[in-house]
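Heads up, the thing below is written out as C-alpha cells.
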Amino acid sequence: MDSVPFTERRNALTMNIDADTVEDAANRLHECNMEVFYGYENYKGLSDDEFLNKLDQLVILVKATLQNEKGIIVISGCGTSGRIGFLASTFFNQLCLENNLPKKYHYIIAGGNSALVTSVEATEDDPIVGAAELKHVSESFERVLFIGITCGLSAPFVGGQLEYCLDNPEKFIPVLIGFNPVSMARQIRVPKWSGDKTFYGVASRMEKTSGALILNPIVGPEPISGSSRMKSGTATKVMLDTVFYLASTNTNAKARDVIEEFKITIEKMKNETTDIANVIQQAGDCMINNGYIRYVGSSTFGIWGMIDASECVPTYNSSYDDIRGFMTNDYFKKSLNPESADSLVSPALDQSTPDDLWKTFQDLPPSSLIVFIDREYHLQKALVDKLQQKNHRIVWIKLLSTESLESNSNVQMIDFSKSITSADVTKQYLIAELILKLCLNTISTAAHILKGKVYQNIMIDVRVSNIKLFYRAIDIIKLLTGVDKETAEKCLIQSIYQTNDEINNQTIEQHITAVANNKDHIVPIALLMCLSNYSYTQAKLQIDKCPRIRDICTGNN
C-alpha cells in the first residue's frame, strides 16, 4: 500500500458510503472535505506551517508578475485541474480590469475549450502538445509565471510544459501543484516524450532547480476512489484563490489568515446537512426514475454548475443528459480562449446560454429536479412558476443574497448566506464559489451512489470501451469480490454479451466491439454475479429491480 499514490488510495471514511443513509453520506463527504484543511492521518493539510510558507512565496511571485508590464501568469491542467484554472483566470482577470490592469491571467486546458465541459482525454498524454501550447500563449511576453496542476503528479501534458519552463529559465518560473510526494510521481515512460522521460523525472528536476516551486500538500484519498474532481479540486481552488487574492489586494494578511477563513466557513456547511440530504434524496429518486437534473446560474456560479454536471459523465459513466448545467447569460462564452474554427466543439458550449430556458426545459421528463444557483433568484421567478406547473422539483442554493422565498413557496432552499461572514466582498465571492462547488459535488456524488454507480467507495459502472478499461473492470471485480482473474473475466464477458453461456475464442477487441450493443450496467452485473453466484439473467433481473448492489446482497431491496 505504501507504494500506491495517495490520490489513488481508498478513503477509510467512505469505505461503506453506499450503505449509509443520505444524511450519513452527506456527513462522510463533509468529513472528507475537511481533510483538505486538517490533513489526512499523520499528514498535514493546507493549514500546515511549512506549506503555508510556500504559499506566501508564491504570493510574492504572483505580485511581482502582476506588476511587470511584460509578465503574465499561465495556469494549466487537464480535466478538473484545467477547469479550476479557467475559473481562477476568469475571476481574477475581472479583478484586474476593475483595478485598471490588463488581463494578466491565461488558462490552458488539455483538449481546448471543449474540455471545460467534456472529457477530452487523448491530449492529456501528450507532452509535446502541452509545451507547444505554452510556447504559443507566452511568445509575446518576457516573463511568465507558469502554474501546472496535476493532482497525481502524473499528467504528461503538464509535464511537457514544466520541462519547457525548466529549459528556458530566463523567461519562465515553473510552479507545480499536486497532492502526492514527488517520490510517488508517475514513473511510467511516455511514448511521445523523447529519451524515456517520465513525470517523476521532471518533478525530481524541479526539486533540484533553484527558483522552481512545488506545492504538494497531502490531502488524502478522494471520497470516491479516483474522482479527483472532489478533494483535489477543492484544494486546488483554495490554493489558487488564496494566492491570487493576496497578490491582488492591499492587505497585510498572510496565506494562513485566508486559509483559516475558508476552513471555518466550510466547517459551517455541516449545519445545512439535513437540507442537503433532502436534495440528495430527490436527486437520487430523480435519476433512478429517469428524470433529469438541471443547474441554472449566471457568472462563475453558473459555470460551476456546468462543470459539476459535465464531470459526472466520465466519473460515473452517466448519460450526458442526466445532469446538465445552463447559463442565464453569455458570461461563460465571453470568458473562453479564442480557438480555430476546426477545434472540437462540445454541444454544451453551444447550448449553455439559451435565449429562453423555458424552451429548453419545457419537455423535461416528469418530476425532474432544477437547481437554481443564481444569487438573484427573483430574476428566474417566471421560469420557476412554469416549471412548478409541470410538477418539477425546484431547489435554490442561497449564497450571496438577502432575498427570501414567499411564505407559501414550495421551493426547497439550502441557505448558506449566514455562513459567509467575511467583510471583504472579493473574499465573500470566492468563499461562496467554494461552498457551491462542495454542495454540487455532494449532491451529484450521493445521487450517483443512490443510482447504484458506486459499491463501497469505488465507481463500478465502468464503460468498457478500450483495452485499458477492460482490464480495469476485471481489477475492480477482483478487488471487491476476491475471485480470481479467470472468474472475473468470465463474468465480465458474459455480462458484455448478455448471456449465461461461456464465450470462447473471442479476442478482447471483439469483446470491446460487443460493448457497443450493450451499454447497460456491464460491470455491476458482472460484480453481482461474482458476489452472489448468480447467472447473468438472475443478476440483471436483480439490478433492474434495485440498482444498489449492497441492498441486493443484504436483502434490503
Check: Is there a donor-acceptor contact under 3.5 Å from the side chain of Asn289 to the main chain of Gly291?
Finding: no
Note to self: How close do Cys439 and Ile397 get, counting heavy atoms only, and between which atoms?
What the structure shows: SG-CD1, 3.9 Å
Next item on the list: With sequence neighbours excluded, tell me which residues meet side-chain hydrogen bond (donor to acceptor under 3.5 Å, both in side chains) with Asp257.
Entry: none
Side-chain donor-acceptor contacts of residues 38-45 below 3.5 Å, not counting sequence neighbours, with atom names and distances?
none

Checklist line | side-chain hydrogen bond (donor to acceptor under 3.5 Å, both in side chains) partners of Asn16, counting only residues at least two apart | finding: Arg550
Check: Would you say Asp308's side chain and Ser444's backbone share a donor-acceptor pair under 3.5 angstrom?
Finding: no
Note to self: Can you confirm whether Arg463 is buried at CZ, in the sense that more than 12 heavy atoms of other residues, nucleotides or ligands lie under 6.0 Å from that atom?
What the structure shows: yes
Next item on the list: Identify the two heavy atoms, one from Gly79 and one from Ile109, that lie closest to each other, and give their separation to 0.1 Å.
Entry: O-CD1, 3.8 Å
Checklist line | Worked check of side chain to side chain contact (heavy atoms under 4.5 Å, CB included) between Ile552 and Gln542 | finding: CA-CA 7 Å; Ile552 297 171; Gln542 291 293 329; 3.8 Å; yes
Check: What's the verdict on side chain to side chain donor-acceptor pair (under 3.5 Å) for Glu311 and Thr80, showing C-alpha distance, side-chain angles and the deciding distance?
Finding: CA-CA 8 Å; Glu311 288 178 337; Thr80 294; 2.6 Å; yes
Next item on the list: Check side-chain contact (heavy atoms from CB on, under 4.5 Å) between Glu207 and all other residues, then give those that pass, not counting sequence neighbours.
Entry: Val182, Ile214
Next item on the list: Under the ring pair (Phe, Tyr, Trp, His ring centres under 6.0 Å) rule, collect the residues that match up with Trp396, sequence neighbours excluded.
Entry: Tyr377
Checklist line | Heavy-atom check, side chain of Arg10 versus side chain of Pro221, under 4.5 Å | finding: no
Next item on the list: Keeping the roles fixed (side chain from Asp126, backbone from Phe157), state whether a donor-acceptor pair exists under 3.5 Å.
Entry: no
Next item on the list: Measure the shortest side-chain to side-chain distance between His30 and Glu267 over non-hydrogen atoms and say whether it is less than 4.5 angstrom.
Entry: yes
Next item on the list: Using the side chain to side chain contact (heavy atoms under 4.5 Å, CB included) rule, take Ile84 and Tyr107 through it: C-alpha gap first, then chi angles, then the decisive distance, then the call.
Entry: CA-CA 9 Å; Ile84 290 175; Tyr107 73 90; over 6 Å; no
Note to self: Quick test of your reading: applying salt bridge (charged side-chain N to carboxylate O under 4.0 Å, His left out), list the pairs with at least one residue in residues 273-291, sequence neighbours left out, ordered by first then second residue.
What the structure shows: none
Item checked: Step-by-step side chain to side chain donor-acceptor pair (under 3.5 Å) determination, Asp321 to Ser319 -> CA-CA 5 Å; Asp321 269 326; Ser319 164; 5.0 Å; no
Notebook entry, point to check: Taking only residues two or more places apart in sequence or in another chain, which ones pass ring pair (Phe, Tyr, Trp, His ring centres under 6.0 Å) with Phe91?
Noted result: Tyr429
Check: Nearest heavy-atom pair of Pro5 and Asn180: which atoms, and what distance?
Finding: CB-ND2, 3.4 Å
Checklist line | Donor-acceptor under 3.5 Å (Ser368 side chain, Tyr292 main chain) | finding: yes
Next item on the list: Would you confirm whether Thr445, through its side chain, and Thr442, through its main-chain N or O, come within 3.5 Å as a donor-acceptor pair?
Entry: no
Next item on the list: State, with a plain yes or no, whether a side-chain heavy atom of Glu8 is found less than 4.5 Å away from one of Glu222.
Entry: no
Notebook entry, point to check: Side chain of Gln161, backbone of Ala131: donor and acceptor closer than 3.5 Å?
Noted result: no
Notebook entry, point to check: Within the distance-only criterion (no hydrogens, no angle test), does the side chain of Arg83 pair as donor or acceptor with the backbone N or O of Leu116 below 3.5 angstrom?
Noted result: yes
Margin query: In the structure I gave you, are the side-chain heavy atoms of Glu124 and Pro156 within less than 4.5 Å of one another anywhere?
Written below: no
Notebook entry, point to check: Picking from Ile293, Val279, Ile323, Leu438, what satisfies side chain to side chain contact (heavy atoms under 4.5 Å, CB included) with Ile443?
Noted result: Val279
Notebook entry, point to check: Between Phe92 and Tyr245, does a ring-ring contact (aromatic ring centres under 6.0 Å, His included) hold up when you go through it step by step?
Noted result: CA-CA 8 Å; Phe92 285 97; Tyr245 167 78; 7.9 Å; no
Next item on the list: Using the salt bridge (charged side-chain N to carboxylate O under 4.0 Å, His left out) rule, collect all pairs that involve residues 427-455, keeping only residues at least two apart or in two chains.
Entry: Lys237-Glu433, Glu261-Lys427, Asp322-Lys451, Lys453-Asp461
Margin query: Can you tell me how the ring of Phe470 sits relative to the ring of His511, calling it parallel under 30°, perpendicular over 60° and tilted otherwise?
Written below: parallel
Note to self: Minimum heavy-atom separation for Ala255 and Asp56, please, with both atom names.
What the structure shows: N-OD1, 3.0 Å
Item checked: Side chains of Pro223 and Ile17 in contact at under 4.5 Å (non-hydrogen atoms) -> no
Next item on the list: Please assess Thr487 against Asp484 for the test side chain to side chain donor-acceptor pair (under 3.5 Å), listing each intermediate value before the final yes or no.
Entry: CA-CA 6 Å; Thr487 302; Asp484 57 31; 2.7 Å; yes
Note to self: Measuring only between side-chain heavy atoms, which start at C-beta, is Arg186 closer than 4.5 Å to Leu153?
What the structure shows: no
Item checked: Residues in side-chain contact (heavy atoms from CB on, under 4.5 Å) contact with Glu260, at least two apart in sequence or another chain -> Lys263, Ile264
Next item on the list: List the steps, then state whether side chain to side chain contact (heavy atoms under 4.5 Å, CB included) holds for Val59 with Leu55.
Entry: CA-CA 6 Å; Val59 171; Leu55 271 193; 5.6 Å; no
Margin query: Looking at Ser335 and Thr90, would you say the former's side chain and the latter's main chain have a donor-acceptor pair under 3.5 Å?
Written below: no
Notebook entry, point to check: Any side-chain heavy atom of Val395 within less than 4.5 Å of one from Ile370?
Noted result: no
Check: Does the side chain of Asn11 come under 3.5 Å of the side chain of Thr14 through a donor N or O and an acceptor N or O?
Finding: no
Notebook entry, point to check: Checking side chain to side chain contact (heavy atoms under 4.5 Å, CB included) for the pair Arg229/Cys312: CA distance, chi angles, key distance, verdict?
Noted result: CA-CA 10 Å; Arg229 77 191 190 110; Cys312 292; 4.3 Å; yes
Note to self: Check for me whether the distance between the ring centres of Phe86 and Phe332 falls short of 6.0 Å.
What the structure shows: yes
Checklist line | Ser346 and Thr118: side chain donor to acceptor below 3.5 Å | finding: yes
Next item on the list: Flag the pair Val371 / Arg294 as yes when at least one side-chain heavy-atom distance between them is below 4.5 Å, and no otherwise.
Entry: no
Next item on the list: Could you pull out all residues at least two apart from Lys54 that satisfy salt bridge (charged side-chain N to carboxylate O under 4.0 Å, His left out)?
Entry: none
Notebook entry, point to check: Considering all heavy atoms of both residues, which atom of Asp551 and which atom of Cys546 are nearest to each other, and what is their separation?
Noted result: CB-SG, 3.7 Å
Check: Is the backbone N or O of Ile303 less than 3.5 Å from a side-chain atom of Thr300, with the two atoms forming a donor-acceptor pair by type?
Finding: no
Item checked: Pairing residues for Ala539 by the side-chain contact (heavy atoms from CB on, under 4.5 Å) criterion, not counting sequence neighbours -> Ile525, Leu528, Met529, Tyr534
Margin query: Is it the case that over 12 heavy atoms from other parts of the model lie below 6.0 angstrom from the NZ atom of Lys254?
Written below: no
Item checked: Partner set under side-chain contact (heavy atoms from CB on, under 4.5 Å) for Gln282, not counting sequence neighbours -> Arg393, Gln412
Note to self: Give me the atom names and distance for the closest heavy-atom approach of Ala488 to Ile477.
What the structure shows: CB-CG2, 3.7 Å
